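Remember, it's a predicted structure, so these values are computed and weren't measured experimentally. Residue indices begin at 1 and follow the sequence shown. For ligands, and for the atoms within them, numbers begin at 1 and follow the listed sequence.
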Amino acid sequence: MKLWSGRFSSDTDALVDELNASITFDKRLYKEDIAGSMAHAKMLGDRGIIEKAEAEKIVAGLRDILKDIEAGKFEFRLQDEDIHMSIETELTKRIGDTGKRLHTARSRNDQVALDFRMYLKSEIEGLRGHVLNLIAVLLDTAKNNTKTIMPAYTHLQRAQPTTFAHYMLAYANMLKRDVTRLEDCLERMDESPLGSGALTGTTYPVDRRSVADALGFARITENSLDGVSDRDYALELLSDLSVLMMHLSRFSEEIILWCSWEFRFVELSDAYSTGSSIMPQKKNPDIAELVRGKTGRVYGSLMGLLTVMKALPLAYNKDMQEDKEQVFDAVDTVKKVLPVFTAMLAAMTVKPENMRKAASEGFINATDCADYLVKKGLPFRDAYTVIGKLIRYCSENGKTLETLSLETYKTFSQLFERDVYTAVSLETCVEQRNVPGGPASQSVRDQMDNIQAFLDSRK
Ligand code: ARG
């Protein structure tokens, strides 16, 4: 019999039960649901809303149920509809009528809002830890590659030289913002909605703050309609996870390119590559491809939940039960992806000679050659034109800026001297970019210090 069957004269259709029930997926909220119920029952006892002895009996009963669930000895049944009714029904079965007092001054609407926030708060902690581990690996990779010169690209065309350390620190900074986004999200969702009741609060003299304290919430929600109605905290998390996955997906795309025979900038370890069933020579970067592919799933969850919420009148509507699977799937996906991605990077071999070779072809030092003339007094726009002509000459005559004779240089501008060769050497190009944020060794050292300080501050 359903907990709400009193008003009904016939049973629900079996197909309705199946569609209506969320127990198959919200059972994973059991821990939060029980913790919330324990805190609620204690508060009811403390406030004299139920007898203290009854509250104690309820808490003991819930503790037993928790133990059984964790031991795999609890049956979640479809007819109990959701995790909230499943546990309440079992409690009454175990401790008798006292169990029926637990739901005083509470609704499943504030209960589920509470459980979901608690669950997400703890998931955010875990996700944040995974991102921090990835940043630490990026920092290590950067430390080992401060002298590894590589081309940086715009439009996927070789643009200017940089170092692999500088490149890794770019991703470290993106991920650092992902960490702070997760922290902001957690901070905003850190409010207990319990006491909002079904939607307009409760007539009982509850103590919302003590329940919030007991459950580790910083605050209580300020409006009961809002407390049960919004899922913006879940949307915010999905949006943060989408941005994080976008970063990982771009990184994956680069790794896939770098593994290709055309680049050969890196080689993935066998443990993080897969083979082909037909082409014996293949070593495929499947993990990076899967990370790129799974990004679509996480975006899908965000779009899905935004769409569920977009036209719902206040307060609770059953549509909102659709929040959980989307969020669970996104959280599970990111949790699965991050450690593998991190381990893959840690085991990746960098090929400095190939990176350098790619940086030496394609006039990546053309800007520096123009800057050389500027330093000798020529306005930048004129210098730019001279170097443009010079580059055309070089490409037509199979030369590079490093191999062109000084004599030929001088036919383009009398300002060229022997020191032009130092000016266009890749080491000089990198080292001269000592602006904060640039690839010069001092700039990179500062960036590494900042990332290290960030990691230390999060320990
Ligand atoms: N299983 C429901 C959900 O996840 C719990 C809240 C049900 N509330 C209600 N008024 N039917 O949304």
#### Entry: Minimum-distance protein heavy atom relative to atom 10 (N) of ligand 1
Asn109 OD1, 3.1 Å
### Query
Do you know which of Asp33, Ile87, Ile34 makes side chain to side chain contact (heavy atoms under 4.5 Å, CB included) with Leu66?
Ile34
### Task
May I ask you to check whether Arg108 and Gln111 show a side-chain donor-acceptor distance below 3.5 Å?
no
### Summary
If you scan protein heavy atoms around atom 2 (C) of ligand 1, the nearest is Gln321 OE1, 3.2 Å
### Task
Report, as yes or no, whether the 6.0 Å neighbourhood of atom NZ on Lys73 holds more than 12 heavy atoms from other residues, nucleotides or ligands.
no
### Message
Heavy-atom count check: over 12 atoms from other residues, nucleotides or ligands less than 6.0 Å from Glu18 CD?
### Response
no
### Message
Would Ser22 count as a polar contact of ligand 1, with the cut-off being nitrogen or oxygen pairs under 3.5 Å?
### Response
yes
### Message
For Ala330, is there any backbone N or O sitting under 3.5 Å from a side-chain donor or acceptor partner on Lys335?
### Response
no
### Message
My understanding is that only one of Thr367, Thr162, Asp368 makes a side chain to side chain donor-acceptor pair (under 3.5 Å) with Arg433; could you say which?
### Response
Asp368
### Query
Short list, please: which atoms of ligand 1 are under 4.0 Å from a heavy atom of Lys324?
3 (C), 4 (O), 12 (O)
### Query
For ligand 1, is any non-hydrogen atom under 4.0 Å from Gln111's backbone (N, CA, C, O), its side chain (CB onward), both, or neither?
neither
#### Entry: Taking atom 11 (N) of ligand 1 as the reference point, the nearest protein heavy atom with its distance
Arg108 NH2, 3.5 Å
### Atom indices of ligand 1, in the order listed, that fall short of 4.0 Å to a heavy atom of Asp82
1 (N), 2 (C), 5 (C)
### Task
Starting from atom 12 (O) of ligand 1, locate the nearest protein heavy atom and write down its residue, its atom name and how far away it is, to 0.1 Å.
Tyr316 OH, 2.5 Å
